[in-house]
Participant: 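Take this structure first; my questions come after.
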Amino acid sequence: MTTLATTGRVQVLGVPGDRHEEVLTPEALDFIGRLDAAFAARRFDLLTERRRRSALLRGGTPLDFSRATKSIRKDPDWQVARPAPGLTDRRVEITGPPERSMAVNALNSGAQVWMADFEDATSPTWENIVRGQLTLIDAIDRRIDFTTTSGKEYRLTDRPATIMVRPRGWHLTEKHLVIDERPVPAALVDFGLYFFHCARRQIDAGSGPYFYLPKLENRYEARLWNDVFLLAQDLLDIPRGTIRATVLIETITAAFEMEEILYELREHSAGLNAGRWDYLFSLIKNFAHRPDFVLPDRAKVTMTAPFLRAYTELLVRTCHKRGAHAIGGMAAQIPGREPAAREAALAKVRLDKEREAEDGFDGSWVAHPGLVPVCRTVFDEVLGDRPHQLERTRDDVHVSADDLVAVRRTAGRPTPEGVRDNIAVALRYYDAWLRGQGAVALNGLMEDTATAEIARVQIWQWLKHRAVDRETVLGLLDEELAALGATYPWAQLDQVRDLFERTALGKELPAFFTTEAYARHLVGRPAVRA
């Protein structure tokens, strides 16, 4: 890495790129520095608490709803803020990385909301992070239209989707931005750059600065975000409550604090989302040491599993009790061109969205523009002219702590096909991620980091409890690496193997593969695409 610029205590490391100076202005860097000064220490303490609680869970401490916050859950009077402009009707939300062509397609897709994802769908090369911010600025300013060298035109429509931004999680750092040689929390970088440059732009456009918050584990992490919002708004003289944020409930510990998380963010809250694939990853990761939590092939763990039904129904009940939107999980299918396969994929999506709409969700996620019509049709059939169904309070739902961890009824042994599939998917995703691509088409699905996380923690869990032997896994690893190299001659096989061995085959189970991969293989390297 080379030094690009130094502003006050904030030093930018990395190779300068086209238009980077429009994002990395002295004023923007000073803004991030002030956020860091106020909150970096609290973030460090909260991550320490994460590790402590994870150790307790491994040691057998049970999860339960907090007695200390019972009064919050029992208080019938408090509600979150009313929906902000552009967030009243959210029946279809499309997600994807803030890459220019994908951004235009998402904004034009007919979805009500586009979530620009700096987290699971973005490989955090420095170029990807800065260019992603430029994409958002250009989209809001309507300067995003372009024509490819092949002549394909990308033009923004008159009524694009509302933009929400998902910054990286609290566990990640941005090593190209340092203060006193310490990397800045990546969450503050992604949030800070977007808010500094785009908050006023969005307000002037009749919308606002809206966010998705990933991988929160408890109410204290939500409180930290709320305090970040308060300071950011004060620093830029923007009224408090202008920011709105939807929290992804995608960790098992957060599932026990849904109401508390809404309470902490209530003046900035835009609801909760059932981040179901990361939720499954979190559950496996936290209980991977326990033999009674061994799950079968990930393809067999569907949203009809009792413990996942408990999670989604509790989410809807919690949100609607407090006047908050409940947003359903991801449909990752890629509708192909072959008619029979396309119809099968769309039928599967329709069934999933019908279950969510009938359960009371106010909208749901898709990963591909081709899925927007089927998702919209399903929610149109349930909602009609209503923008949401907040009036469905789901008082019939009663979920206990045991219900949320009732994995035994879904437990099972892996199949040989399931073991191979997990290894193949993890290797292919790792290779793409290391080359700078975070959203990857694999086996007819648009996959992101959550897919690789589930795949590799299942391998670790199965090895731990001898559901599969190590020799079999190593043999499949060799076979799938060879297949990867044959299909993609540019694949970085040595780095992919190293990353898989460290994150899936080691004595200890790393919390995230991204922290390991970022530190060892990605920092300081440009994105390399085939």
Participant: Between T162 (side chain only) and V113 (backbone N and O only), is there a donor and an acceptor less than 3.5 Å apart?
Facilitator: no
Participant: Might you point out which heavy atoms bring N226 and L265 nearest each other, and give the distance in Å?
Facilitator: OD1-CA, 3.7 Å
Participant: Is E221 salt-bridged to K215, cutoff N-O under 4.0 Å?
Facilitator: no
Participant: How far apart are the closest heavy atoms of P214 and R168, and which atoms are they?
Facilitator: CG-C, 4.1 Å
Participant: Does E93 form a side chain to side chain donor-acceptor pair (under 3.5 Å) with T95? I'd like the steps, not just the answer.
Facilitator: CA-CA 7 Å; E93 300 191 348; T95 75; over 6 Å; no
Participant: Between atom CG of L280 and atom CD of E453, what is the distance when rounded to the nearest 0.5 Å?
Facilitator: 12.0 Å
Participant: Step by step, would you call R51 with S54 a side chain to side chain donor-acceptor pair (under 3.5 Å)?
Facilitator: CA-CA 5 Å; R51 292 189 290 271; S54 180; over 6 Å; no
Participant: Centre of F512's six-membered ring, under 6.0 Å away, within 45 degrees of the axis: is that where NZ or CZ of K285 sits?
Facilitator: yes
Participant: Show your reasoning for whether side chain to side chain donor-acceptor pair (under 3.5 Å) applies to R155 and T147.
Facilitator: CA-CA 9 Å; R155 298 286 182 269; T147 302; 3.3 Å; yes
Participant: So, does Y429 use its side chain to make a donor-acceptor pair with the main chain of G438 at under 3.5 Å?
Facilitator: yes
Participant: Is it true that, when you exclude F146 itself, more than 12 heavy atoms of the residues, nucleotides or ligands shown sit nearer than 6.0 Å to its CZ?
Facilitator: yes
Participant: List for me each residue that meets ring pair (Phe, Tyr, Trp, His ring centres under 6.0 Å) alongside W170, sequence neighbours excluded, and say none if there are none.
Facilitator: W225
Participant: Are W365 and I94 side-chain neighbours, meaning at least one heavy-atom pair lies under 4.5 Å?
Facilitator: no
Participant: Does any N or O in the side chain of T25 come within less than 3.5 Å of the main-chain N or O of E21, such that one atom is a donor and the other an acceptor?
Facilitator: no
Participant: Salt-bridge test for E259 and R322: reply yes if a basic N is under 4.0 Å from a carboxylate O, no otherwise.
Facilitator: yes
Participant: Assess whether a salt bridge exists between D75 and R73, defined as any Lys/Arg side-chain N lying under 4.0 Å from an Asp/Glu carboxylate O.
Facilitator: no
Participant: Under 6.0 Å from the CG atom of D204, do we count more than 12 heavy atoms belonging to anything else shown?
Facilitator: yes
Participant: Which heavy atom in L509 sits nearest to a heavy atom in R456, and how many Å separate them?
Facilitator: CD1-NH1, 3.3 Å
Participant: Would you find a donor on one side and an acceptor on the other, under 3.5 Å apart, between the side chain of D36 and the backbone of A40?
Facilitator: no
Participant: Using a strict threshold of under 4.0 Å (side-chain N to carboxylate O), is an ion pair present between D234 and R240?
Facilitator: yes
Participant: Does the pair D145 and L156 meet the rule for a side-chain contact (heavy atoms from CB on, under 4.5 Å), with working shown?
Facilitator: CA-CA 6 Å; D145 297 354; L156 206 59; 3.7 Å; yes
Participant: Nearest 0.5 Å please: distance from the CG atom of L29 over to the CG atom of L24.
Facilitator: 5.5 Å
Participant: For the backbone of D120 and the side chain of T449, can you confirm whether one donor and one acceptor N or O come within less than 3.5 Å of each other?
Facilitator: yes
Participant: Closer than 3.5 angstrom, by distance alone: can the side chain of R244 be matched with the main-chain N or O of Y210 as a donor-acceptor pair?
Facilitator: no
Participant: May I ask you to decide whether D180 forms a salt bridge with R182, counting only side-chain N to carboxylate O separations under 4.0 Å?
Facilitator: no
Participant: How close do G132 and F118 get, heavy atom to heavy atom, and via which atoms?
Facilitator: C-CZ, 3.7 Å
Participant: Looking only at the side chains, is there a donor atom on one of Q233 and H268 sitting less than 3.5 Å from an acceptor on the other?
Facilitator: yes
Participant: Check the pair H388, R90 against side-chain contact (heavy atoms from CB on, under 4.5 Å), reporting the backbone distance first and the verdict last.
Facilitator: CA-CA 8 Å; H388 48 67; R90 300 171 62 182; over 6 Å; no
Participant: Taking NZ, NE, NH1 and NH2 as the nitrogens, is one of them in R53 or E257 under 4.0 Å from a carboxylate oxygen of the other?
Facilitator: yes
Participant: Determine whether H320 and D362 satisfy the following criterion, side chain to side chain donor-acceptor pair (under 3.5 Å), listing intermediate values before the conclusion.
Facilitator: CA-CA 10 Å; H320 289 185; D362 303 293; 2.7 Å; yes
Participant: Do S364 and K353 pair up side chain to side chain, a donor and an acceptor below 3.5 Å, judged on atom types alone?
Facilitator: yes
Participant: Below 4.0 angstrom, N of the basic side chain to O of the carboxylate: do D227 and R42 qualify?
Facilitator: yes
Participant: Find the distance between CD1 (I327) and CG (N273) and round it off to the nearest 0.5 Å.
Facilitator: 7.0 Å
Participant: Once the angle between the rings of F191 and F211 is folded into 0 to 90°, is it parallel (under 30°), tilted (30 to 60°) or perpendicular (over 60°)?
Facilitator: tilted
Participant: Assess whether a salt bridge exists between E356 and R276, defined as any Lys/Arg side-chain N lying under 4.0 Å from an Asp/Glu carboxylate O.
Facilitator: yes
Participant: Under a 3.5 Å threshold, yes or no: a donor from one side chain and an acceptor from the other, between Y194 and Q202?
Facilitator: yes
Participant: Within the 3.5 Å criterion, strictly below it, is a donor on N105 or S109 matched to an acceptor on the partner's side chain?
Facilitator: no
Participant: Is there a donor-acceptor contact under 3.5 Å linking the side chains of E22 and H197?
Facilitator: no
Participant: Report yes or no: does T251 contribute a side-chain atom to a donor-acceptor pair with the main-chain N or O of S282 at less than 3.5 Å?
Facilitator: no
Participant: Distance-only, no hydrogens or angles: does the D359 side chain make a donor-acceptor pair with backbone N or O of F361 under 3.5 Å?
Facilitator: no
Participant: Quick one: does V316's side chain get under 4.5 Å of R394's, heavy atoms only?
Facilitator: yes
Participant: Do the numbers put R266 on top of the ring of Y263, so that NZ or CZ is under 6.0 Å from the six-membered ring centre and no more than 45° off the axis?
Facilitator: yes
Participant: Taking the six-membered ring for Trp, are F195 and F31 parallel (under 30°), tilted (30 to 60°) or perpendicular (over 60°)?
Facilitator: parallel
Participant: Between S101 and E99, is any side-chain donor less than 3.5 angstrom from a side-chain acceptor?
Facilitator: yes
Participant: Does any N or O in the side chain of T515 come within less than 3.5 Å of the main-chain N or O of A511, such that one atom is a donor and the other an acceptor?
Facilitator: no
Participant: Report yes if the side chains of Y279 and I252 come closer than 4.5 Å at any heavy-atom pair, otherwise no.
Facilitator: yes
Participant: Under 4.5 Å between any side-chain heavy atoms of L216 and L248, yes or no?
Facilitator: no
Participant: Assess whether side-chain contact (heavy atoms from CB on, under 4.5 Å) is satisfied between L136 and V165, documenting all intermediate values.
Facilitator: CA-CA 9 Å; L136 293 170; V165 172; 3.9 Å; yes
Participant: Taking Q389 for the side chain and A357 for the main chain, is one N or O donor matched with an acceptor at less than 3.5 Å?
Facilitator: yes
Participant: Return the CZ to CZ distance between R34 and F39, rounded to the nearest 0.5 Å.
Facilitator: 11.5 Å
Participant: Which heavy atom of T69 sits nearest to which heavy atom of E260, and what is that distance?
Facilitator: OG1-OE2, 2.5 Å
Participant: Heavy atoms only: give me the nearest Y311-I249 pair and the separation to one decimal.
Facilitator: OH-O, 2.6 Å
Participant: To the nearest 0.5 Å, what is the distance between CG (D138) and CD (Q133)?
Facilitator: 11.5 Å
Participant: For T253 and N218, which I'm curious about, is there any donor-acceptor pair between the side chains at under 3.5 Å?
Facilitator: no
Participant: Regarding Y430 and T503, is there a side-chain donor-to-acceptor distance under 3.5 Å anywhere?
Facilitator: yes
Participant: Between E264 and R223, is there a salt bridge with N-O shorter than 4.0 Å?
Facilitator: yes
Participant: Please step through side-chain contact (heavy atoms from CB on, under 4.5 Å) for the pair V184 and I32, ending with a clear verdict.
Facilitator: CA-CA 9 Å; V184 177; I32 289 174; 4.0 Å; yes
Participant: With rounding to the nearest 0.5 Å, note down the distance linking CE in M164 to CE in M115.
Facilitator: 9.0 Å
